[in-house]
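Shown next, in structure tokens, is the structure this report addresses.
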There are 2 protein chains.
Amino acid sequence: MSELADTFRALGDATRVRMLDALSHGERCVCDLAAALGLTESAVSHQLRLLRNMRLVRARRAGRLVFYALDDHHIMSLFQQARRHVQEPAMAHGGMVGQASPASGGGR
Amino acid sequence: MSELADTFRALGDATRVRMLDALSHGERCVCDLAAALGLTESAVSHQLRLLRNMRLVRARRAGRLVFYALDDHHIMSLFQQARRHVQEPAMAHGGMVGQASPASGGGR
DNA sequence: ACTACATATGAGTAGTTGCTCATATGTTCA
DNA sequence: TGAACATATGAGCAACTACTCATATGTAGT
């Protein structure tokens, strides 16, 4: 159950979302990711370790470069699903509870 | 783009995941949620505000009680999708890059 | 109006997180 | 073997988070 939360937490960071988005177009080495995101390679590597531990990305060495790719197909589905939520119309979502008490008559 | 991350971050906490899971069985008032999760009502209320701001739950007042429910159907789909990832077989997910360099000949 | 209950909210705090900097490991080429 | 490059990793720190406690708001009944 909390494994679910861990997975979501791994996705709950703008940097990591951008990394995964970049990887959705194909595998990338650490230095390219760093350049694309405007971060140090160290920062990227740290985040990649986290994503690796959560099994969201997979690494493949090619010479001195290490190419990362999305680990499984569920991840992009997850993104699409979340996007659907974000782009939801957003109807009557006022700050707080408006007025709708079926159990209580007119107040006051 | 970072809105996606915000949504995932809201889901990236064991307490909130448990709350949403509880709500997946139907709407609940704050006190019932608190009792079910073994938390103070204050703690629950704080988290509910966050979930409300992220439009993950919706509130409905009934007398002095406030009933919360999942805001839209995407949320459970998101859970199911994430569960699929978590329950993935978890094949050769060693700690680090094993040995697989198609671009470089036999190593060493 | 007053009390009791249910919920919301602000302030404060221990624990967590995402970066930077320094350093270690791994790989290629001379 | 040694220098140069690519990546990984540990320590440390500023920013953030999830709780607790105190207090405010909202509602029902007397």
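Heavy-atom basis, side chains included; hydrogens, waters and symmetry copies ignored. Proteins come first, then strands; the chains are lettered A, B, ... in the order of their sequence lines, and each starts at number 1.
In this model, the phosphate group of C:dC19 is approached by a side-chain N or O of A:Gln47 to a distance below 4.0 Å at OP1 or OP2. Checking the phosphate oxygens (OP1, OP2) of C:dG18, a side-chain nitrogen or oxygen of A:Arg16 falls inside 4.0 Å.
Following rounding to the nearest Å, B:Leu50 (CG) and D:dC19 (P) show an atom-to-atom distance of 10 Å. Across the protein-nucleic acid pair, B:Leu65 atom CG and D:dG29 atom P stand 12 Å apart, rounded to whole Å. Straight-line distance from the CZ atom of B:Arg52 to the P atom of C:dT7: 12 Å, rounded to whole Å. Put simply, CZ on B:Arg58 is 18 Å from P on C:dT7, counting in whole angstrom units. Per the geometry, CZ belonging to B:Arg60 stands 15 Å off C1' belonging to C:dA6, to the nearest Å. Atoms CZ (B:Arg64) and P (D:dT27) sit 12 Å apart, rounded to a whole Å. In this structure, B:Arg49 atom CZ and C:dT7 atom C1' are separated by 12 Å, rounded to whole Å. Rounded to a whole Å, the CZ atom of A:Phe67 is 14 Å from the C1' atom of C:dT27.
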Result block: side-chain N/O donor-acceptor pairs under 3.5 angstrom for residues 40-49 of chain B, not counting sequence neighbours:
| residue | atom | partner | partner atom | Å |
| --- | --- | --- | --- | --- |
| B:Thr40 | OG1 | B:Ala43 | N | 3.0 |
| B:Gln47 | OE1 | B:Arg16 | NH1 | 2.9 |

For residues 72-80 of chain A, run the donor-acceptor check on the side chains, cut-off 3.5 Å, and write out each pair with its distance to 0.1 Å, sequence neighbours left out.
| residue | atom | partner | partner atom | Å |
| --- | --- | --- | --- | --- |
| A:Asp72 | OD1 | A:His74 | N | 2.7 |
| A:Asp72 | OD1 | A:His74 | ND1 | 3.4 |
| A:Asp72 | OD2 | B:His85 | ND1 | 2.8 |
| A:Ser77 | OG | A:His73 | O | 3.3 |

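Taking the side chain to side chain donor-acceptor pair (under 3.5 Å) definition, one finds that A:Arg84 meets it with A:Gln81, sequence neighbours left out. Checked against salt bridge (Lys or Arg N to Asp or Glu O under 4.0 Å), B:Asp6 has the following partners two or more places apart in sequence or in another chain: B:Arg9. Residues that satisfy the side chain to side chain contact (heavy atoms under 4.5 Å, CB included) test with B:Ala14, not counting sequence neighbours, are A:Ser2, A:Ala5.
Of the residues in residues 6-14 of chain A, those placing a heavy atom less than 4.0 Å from an atom of DNA chain C are A:Arg9, A:Asp13, in numerical order. Near-neighbour residues of DNA chain C inside residues 18-46 of chain A, defined by a heavy atom below 4.0 Å, number-ordered: A:Thr40, A:Ser42, A:Ala43, A:His46.
The side chain of B:Arg61 lies closest to C:dT7 when the candidates are C:dT28, D:dA28, C:dT7. Proximity note for B:Val66 (side chain, C-beta onward) versus C:dT27, D:dA8, C:dA8: the nearest is C:dA8. Between C:dG26, D:dC19, D:dA8, one nucleotide has an atom nearer to the side chain of A:Tyr68 than all others, and that is D:dA8.
Contact check for A:Val86 versus B:Thr7: side-chain heavy atoms found under the 4.5 Å cut-off. Residues B:Arg61 and B:Phe67 form no side-chain contact, since every pair of their non-hydrogen atoms from C-beta on lies 4.5 Å or further apart. Side-chain atoms of B:Leu20 and B:Leu70, non-hydrogen and from C-beta on, do get closer than 4.5 Å to each other.
Atom CZ in B:Arg18 sits 9.5 Å away from atom CG in B:Asp13 (nearest 0.5 Å). We find the CG-CZ distance between B:Asp71 and B:Arg58 to be 4.5 Å, quoted to the nearest 0.5 Å.
For residues 25-37 of chain A, the side chain to side chain donor-acceptor pair (under 3.5 Å) pairs, not counting sequence neighbours, are A:Glu27-A:Arg60.
Under the 4.5 Å side-chain contact rule for hydrophobic residues, A:Leu50 and A:Val66 share a cluster.
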- Query: Under a 3.5 Å cutoff on both atom distances, Watson-Crick or G-U, what's the dot-bracket for DNA chain D ([ ] crossing, | other strand)?
  - Reply: ||||||||||||||||||||||||||||||
